[in-house]
Amino acid sequence: MLGTPPTHPELLDYLAKRFIENHWSIKSMHRMLMLTDAYQRASSGAGELFEKDAANDYLERFNRRRLEAEEIRDSILAVSGAMNPTMGGPGYYLFELERVEHSPHFEYHKFDPRDPASHRRSVYRFIARSQPDPWMTTLDCADSSQSTPKRIETLTSLQALSLLNHRFNLVMAERMAERLANDCETKGEQIDLAMQSIVQRLPEEMERDEMVRYAETHGLPNLCRMLFNLSEFVFLD
């Protein structure tokens with residue numbers, strides 16, 4: 001037999017039996033799995049088995065992961081207030097299409113991320129398989145020209161630089177700063193709203209004081225750009 005034996009063979013038998021009883025419904029199986037205690041655990045809940053089960057084969061905790069490229073883009077659109085929730089319909093380009101008469105060129109660097117038509121979920125974007133989006137590729141977006149049952153996850157300095165300096169992030173940081181300035185009067189209130197939106201918690205007093213000083217020195221858009229790079233935002237715990 002190739003590979004390692006299952007850790008819970010009885011559980012596999014039970015799940016197979018339930019799958020048959022529910023008329024092979026994948027949706028029903030997903031619902032049952034997602035309601036389990038094991039599925040809903042956090043990555044920080046390591047207990048006695050941590051040293052004995054470093055690979056987490058027994059699912060004592062959640063395996064911390066970075067958001068996928070599409071999830072990062074959609075999350076930035078959502079927290080900045082730019083997200084267009086329109087569903088269905090034709091897709092949109094994230095590039096300027098040139099020389100279509102003989103050999104199309106997909107010029108990603110010429111695209112303006114302020115274009116509201118592109119502020120929809122990433123699932124609706126037009127994908128050029130011969131020349132994928134460089135920013136999405138940097139964030140480990142899957143190669144659409146081949147089957148990818150499981151995506152790779154890397155951590156590189158290029159990803160951090162892209163999340164800081166790509167024009168999309170710069171534009172969305174400005175958009176979020178405008179939203180904060182319109183909704184809140186004081187810097188402290190703006191930072192509370194930003195943290196609540198981005199990481200679903202209020203900042204600690206020391207964090208708030210440091211961010212107020214940063215925003216006063218470098219401006220609110222630069223603070224938003226920094227918040228887009230927080231591990232709490234980019235990673236799922």
Side-chain angles (χ1 to χ4, degrees), residues 1-76 78-79 121-123 132 135-164 169 194-207 210 226-237:
M1 183 177 66
L2 299 177
T4 57
T7 56
H8 299 78
E10 296 85 358
L11 176 59
L12 288 178
D13 290 339
Y14 171 78
L15 292 175
K17 183 173 182 293
R18 286 292 301 271
F19 192 38
I20 296 171
E21 291 174 348
N22 288 319
H23 308 290
W24 312 95
S25 171
I26 297 177
K27 185 175 182 179
S28 176
M29 178 62 67
H30 284 171
R31 183 186 297 111
M32 180 177 64
L33 293 175
M34 293 171 70
L35 291 175
T36 63
D37 174 71
Y39 183 87
Q40 299 177 36
R41 290 174 181 170
S43 62
S44 58
E48 297 178 356
L49 290 177
F50 183 76
E51 294 184 1
K52 298 179 180 179
D53 183 29
N56 198 26
D57 292 329
Y58 291 91
L59 305 179
E60 186 194 24
R61 61 192 181 279
F62 172 72
N63 288 321
R64 187 173 187 254
R65 73 170 179 87
R66 197 192 67 224
L67 297 180
E68 296 178 352
E70 296 92 337
E71 293 172 326
I72 292 176
R73 181 180 180 275
D74 291 357
S75 296
I76 291 175
V79 299
R121 291 178 58 207
S122 299
V123 68
W135 185 71
M136 301 286 276
T137 301
T138 299
L139 297 174
D140 298 328
C141 188
D143 183 354
S144 58
S145 65
Q146 58 183 334
S147 176
T148 310
K150 184 175 181 180
R151 296 193 179 190
I152 62 171
E153 181 179 318
T154 63
L155 292 175
T156 68
S157 56
L158 186 58
Q159 293 167 352
L161 290 171
S162 295
L163 287 173
L164 276 174
N169 291 67
M195 288 289 286
Q196 191 72 55
S197 301
I198 290 177
V199 296
Q200 288 78 59
R201 69 172 176 86
L202 291 173
E204 297 179 3
E205 185 176 351
M206 183 180 68
E207 289 178 316
E210 290 180 351
M226 180 194 72
L227 294 178
F228 289 161
N229 285 266
L230 290 177
S231 291
E232 285 182 81
F233 179 62
V234 180
F235 284 85
L236 183 64
D237 290 314

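The residues of the chain are indexed from 1 along the displayed sequence. A quick note: this is a predicted structure, and the numbers were derived from the prediction, not measured.
With rounding to the nearest 0.5 Å, the separation of CE in Met195 from CG in Leu202 is 8.5 Å. Going from atom CE of Met29 over to atom CE of Met34 covers 13.5 Å, rounded to the nearest 0.5 Å. To the nearest 0.5 Å, atoms CD (Glu232) and CG (Leu227) are separated by 10.0 Å. Annotation: the span from Ser28 atom OG to His23 atom NE2 amounts to 9.5 Å, rounded to 0.5 Å. In this structure, the separation between CG on Asn22 and NZ on Lys27 is 13.0 Å, given to the nearest 0.5 Å.
In terms of the side chain to side chain donor-acceptor pair (under 3.5 Å) criterion, residue partners of Asp74 (sequence neighbours excluded) are, by chain and number, Ser122. Met226 meets the side chain to side chain contact (heavy atoms under 4.5 Å, CB included) test with Met211, Leu223; sequence neighbours excluded. Remark: Glu207 pairs with Arg201 by the salt bridge (charged side-chain N to carboxylate O under 4.0 Å, His left out) rule, at least two apart or across chains. Annotation: ring pair (Phe, Tyr, Trp, His ring centres under 6.0 Å) contacts of Tyr39 (sequence neighbours excluded): none. Partners of Asp13 under the side chain to side chain donor-acceptor pair (under 3.5 Å) rule, at least two apart in sequence or in another chain, do not exist in this structure. Glu70 meets the side chain to side chain donor-acceptor pair (under 3.5 Å) test with Arg151; sequence neighbours excluded. Residues forming a salt bridge (charged side-chain N to carboxylate O under 4.0 Å, His left out) with Arg41 (at least two apart in sequence, or on another chain): Asp37. Ser144 pairs by the side chain to side chain donor-acceptor pair (under 3.5 Å) definition with nothing, not counting sequence neighbours. By the salt bridge (charged side-chain N to carboxylate O under 4.0 Å, His left out) test, Asp57 pairs with no residue at all, sequence neighbours left out. The salt bridge (charged side-chain N to carboxylate O under 4.0 Å, His left out) search around Lys17 returns Glu21, not counting sequence neighbours.
For the pair Ser197 and Val79, the tightest heavy-atom approach, listed with the atom from each and the gap, is O-CG1, 3.5 Å. In terms of heavy-atom proximity, Leu67 sits nearest to Ser75 at CD1-OG, 4.0 Å. When all heavy atoms are compared, the tightest approach of Arg64 to Ser231 is NH2-CB, 3.8 Å. For the residue pair Thr36 and Met32, the shortest heavy atom distance occurs at CG2-O, 3.2 Å.
Of the possible donor and acceptor atoms, one in the side chain of Asp53 sits under 3.5 Å from a partner among the backbone N and O of Tyr58. Side-chain atoms of Asn169 come within 3.5 Å of backbone atoms of Leu163 as a donor-acceptor pair (strictly under, hydrogens ignored). Although no hydrogens or angles enter the test, the distance criterion places no donor-acceptor pair under 3.5 Å between the side chain of Asp143 and the main chain of Thr148. Without hydrogens or angle criteria, Glu68 side chain to Cys141 main chain gives no donor-acceptor distance under 3.5 Å.
Using a 4.5 Å cut-off on side-chain heavy atoms (C-beta onward), Phe228 and Leu164 make no contact. Annotation: side chain of Phe19 is not in contact with side chain of Leu15 (no heavy-atom distance under 4.5 Å).
Within a 6.0 Å sphere centred on CD of Gln40, heavy atoms belonging to other residues, nucleotides or ligands number more than 12.
Among residues at least two apart or in separate chains, there is no salt bridge (charged side-chain N to carboxylate O under 4.0 Å, His left out) pair with a member in residues 155-164.
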Please tabulate, one pair per line, all N/O donor-acceptor pairs under 3.5 Å involving side-chain atoms of residues 153-162, not counting sequence neighbours.
| residue | atom | partner | partner atom | Å |
| --- | --- | --- | --- | --- |
| Glu153 | OE1 | Arg66 | N | 3.4 |
| Glu153 | OE2 | Arg66 | N | 3.2 |
| Thr154 | OG1 | Asp140 | OD1 | 3.0 |
| Thr154 | OG1 | Asp140 | OD2 | 2.9 |
| Thr154 | OG1 | Gln159 | NE2 | 3.0 |
| Thr156 | OG1 | Gln159 | N | 3.3 |
| Gln159 | OE1 | Arg66 | NH1 | 3.3 |
| Gln159 | OE1 | Thr156 | N | 3.2 |
| Gln159 | NE2 | Thr138 | O | 3.1 |
| Gln159 | NE2 | Asp140 | OD2 | 3.4 |
| Gln159 | NE2 | Thr154 | O | 3.2 |
| Ser162 | OG | Leu158 | O | 2.9 |

